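Each remark here refers to the structure printed beneath this line.
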Amino acid sequence: MPNNDLAIVILAAGKGTRLKSSLAKVLHRAGGRALVEHVLRACAPLGARTTVVVVGHQAEQVTSVAVPLGAETVLQQPQHGTGHAMQVARRALGRTKFAIVLPGDAPLVRTTTLKAMISAHRVGDAAATILTAVLADPSGYGRVVRKSQTTVAAIVEESQLTDEQRDINEINSSIYCFTLEKLWPALAQIKPTNAHRELYLTDAIAVLAGKGETVLAQVVGDAREALGCNTRADLADVDRTFREWKRDSLMDEGVTIQLPESVLIDPDVTAREDTVIEPGVQLLGKTKIGARCTIRTGSVLSDAILGDDVTVEPHCVVAQSRLDDGVIIGPFARLRPDNHLKAGARIGNFVELKKSTVGEGTKAMHLSYLGDAKIGSKTNIGAGTITCNYDGFHKYPTNVGNKVFIGSDTTLVAPVRVGDGSYVAAGSTITENVPADGLGIARGRQANKPGWAAKKRRELAAAGKPKKKRSSRKLRRAAKKRK
Ligand code: UD1
Ligand code: MG
């Protein structure tokens with residue numbers, strides 16, 4: 001469908017008083033994105049001629065989200081209501097025939113729903129088409145007063161409802177399609193006759209209907225698409241729905257998610273077939289997971305790239321790191337940014353990595369810190385190995401070759417190199433390079449003193465021996481004698 005005659009207008013100037021926040025409403029996040037970003041993304045595939053975002057509160061920040069997504073912005077300052085916001089957008093729309101108007105705070109709307117609304121509007125030759133929804137609890141929303149089965153007489157805001165209208169459960173989503181040459185004269189007629197003294201776009205509907213123009217209502221199939229975010233509770237509801245949709249789409253692609261409602265996944269995350277995600281996992285940012293991986297309970301992955309057959313044991317934290325095929329990490333591993341774990345590498349419990357490369361099949365299984373380290377393949381990093389990469393001013397690299405054995409409790413004082421095939425003795429503090437196939441040992445020499453402990457015990461026992469107490473009978477006899 002060519003949409004050269006179509007513009008998109010997103011109303012995003014409001015503060016969002018009911019959120020009680022210093023952040024403008026449309027910048028609040030749900031489902032891993034700012035609200036206004038969701039709306040822009042839903043509109044992008046429509047191929048409209050122009051997309052205009054009306055900005056006001058925190059205009060600069062909202063603009064910096066909107067412009068990279070192909071929109072232009074117009075400033076509404078001050079904000080005198082949704083009708084006024086539309087008047088402000090008028091100049092940017094030029095002579096475009098139709099406009100889809102959306103609030104920046106209703107982020108769940110889908111592209112297919114918008115497409116259906118445009119077709120209904122075109123086919124019905126309407127002046128306005130309103131996307132409506134039927135809600136069990138319509139409170140807080142403008143209600144749709146029907147003229148006939150298919151047409152609308154008015155939208156009445158919550159604050160202006162009569163008692164009978166209060167029972168209407170068809171609500172205005174605030175998403176509309178307008179034929180602009182009909183909207184502008186109607187908008188010119190509306191008045192700020194409400195408690196907030198604002199111009200309500202919703203009032204233009206009654207004006208159009210009163211003139212005998214066709215105003216259609218398109219009822220959305222999934223009512224959640226119409227949900228707006230005026231309060232923190234609304235944000236939580238909308239977030240829940242986004243997360244559910246994301247999990248459902250991954251499950252459709254062959255991913256197992258256990259106790260799905262406990263798993264939080266950002267929109268750009270991908271995972272391939274037969275991967276298993278256990279309860280309480282968070283997959284954030286641009287995390288990409290291969291096939292047959294297991295992400296066990298309590299792990300948090302952000303911007304992580306996992307190959308196939310990777311296991312993340314419980315309670316790992318992984319940021320901006322690459323884990324190649326067959327890698328196993330955790331439980332309780334922490335990967336700070338910029339690590340690359342090559343195929344078959346194993347990172348165990350209480351191991352922290354930062355900016356490090358771990359070669360194929362290399363193991364660091366217990367209680368270590370590896371920072372700014374390049375470690376070759378098939379190397380064993382003993383328990384308690386620490387790279388001392390920082391001198392308080394600069395960071396220095398540690399290089400460990402292939403097939404190296406680093407004994408437990410080694411400190412590697414960087415910059416330092418440990419050559420291929422070498423050994424480092426347990427408990428060493430390595431400050432100089434270790435040559436290939438050599439042994440680095442840097443610790444005090446052990447001295448054994450035979451019999452020392454037994455002698456010590458005897459001495460201690462003798463010194464601490466208490467004097468023997470006399471029995472009470474002996475004490476009485478001694479007292480008698482003294483008399
Ligand atoms: C609006 C509708 C209501 C509908 C509901 C659906 C009006 C008068 N009411 O109410 O019928 O059921 O949405 O969610 O339109 N905005 C501006 N400039 C302004 C005022 C608002 O750009 O001067 C923007 C806001 O940033 C927001 C959108 O317009 O993104 C809607 O405003 P909001 O205050 O959320 O309206 P609701 O009370 O939700
Ligand atoms: Mg709203």
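These numbers come from a predicted model, not from an experiment. Atoms within each ligand, like the ligands themselves, are counted from 1 in listed order.
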**Item:** ligand 1 contact by Ala106, heavy-atom criterion under 4.0 angstrom
**Value:** no
**Request:** Classify the contact between Arg18 and ligand 1 as side chain, backbone, both or neither, using a heavy-atom distance cut-off of under 4.0 Å.
**Result:** side chain
**Request:** Do me a favour and list the nearest non-hydrogen protein atom to atom 18 (N) of ligand 1 with residue, atom name and distance?
**Result:** Gln76 OE1, 2.7 Å
**Request:** Please state whether Ile171 comes within less than 4.0 angstrom of ligand 1, counting heavy atoms only.
**Result:** no
**Request:** With heavy atoms under 4.0 Å as the rule, classify the contact between Ala226 and ligand 1 as side chain, backbone, both or neither.
**Result:** neither
**Item:** Residue-ligand contact Ser173/ligand 1, heavy atom below 4.0 Å
**Value:** yes
**Message:** Looking only at N, O or S atoms in Asp105, which is nearest to the Mg ion (ligand 2)?
**Reply:** OD2
**Asked** How about Asp137 and Ser139: does a side-chain donor come under 3.5 Å of a side-chain acceptor?
**Response** yes
**Message:** Suppose we measure from atom 32 (O) of ligand 1 to each protein heavy atom; which comes out shortest, and what is that distance?
**Reply:** Thr82 CG2, 4.0 Å
**Prompt:** Salt bridge between Asp239 and Arg33, side-chain N to carboxylate O under 4.0 Å?
**Reply:** no
**Asked** In terms of side-chain heavy atoms, does His28 have a donor or acceptor partner in Asp105 at a distance below 3.5 Å?
**Response** no
**Request:** Kindly determine whether Asp266 and Arg243 satisfy salt bridge (charged side-chain N to carboxylate O under 4.0 Å, His left out), including the steps that lead there.
**Result:** CA-CA 7 Å; Asp266 273 352; Arg243 303 300 182 182; 2.8 Å; yes
**Message:** Could you check whether any heavy atom of His84 sits closer than 4.0 Å to an atom of ligand 1, since that is the contact criterion I want to use?
**Reply:** no
**Message:** Between Asp309 and Arg292 (salt bridge meaning N to carboxylate O under 4.0 Å), is one present in this structure?
**Reply:** yes
**Prompt:** Of the backbone atoms (N, CA, C, O) and the side-chain heavy atoms from C-beta on, which set of Ala85 has a member under 4.0 Å from an atom of ligand 1: side chain, backbone, both, or neither?
**Reply:** side chain
**Message:** Distance alone, cut at 3.5 Å: any donor-acceptor contact between the side chains of Glu170 and Thr132?
**Reply:** yes
**Message:** Quick test: of every protein heavy atom, which one is nearest to atom 4 (C) of ligand 1, and how far off is it to 0.1 Å?
**Reply:** Asn172 O, 3.2 Å
**Asked** Under the 3.5 angstrom rule, does the side chain of Thr82 hit a backbone N or O of Leu201 as a donor-acceptor pair?
**Response** yes
**Prompt:** Any salt bridge between Lys354 and Asp372, counting N to O under 4.0 Å?
**Reply:** yes
**Message:** At under 4.0 Å between heavy atoms, is it the side chain or the backbone of Leu201 that contacts ligand 1, or both, or neither?
**Reply:** neither
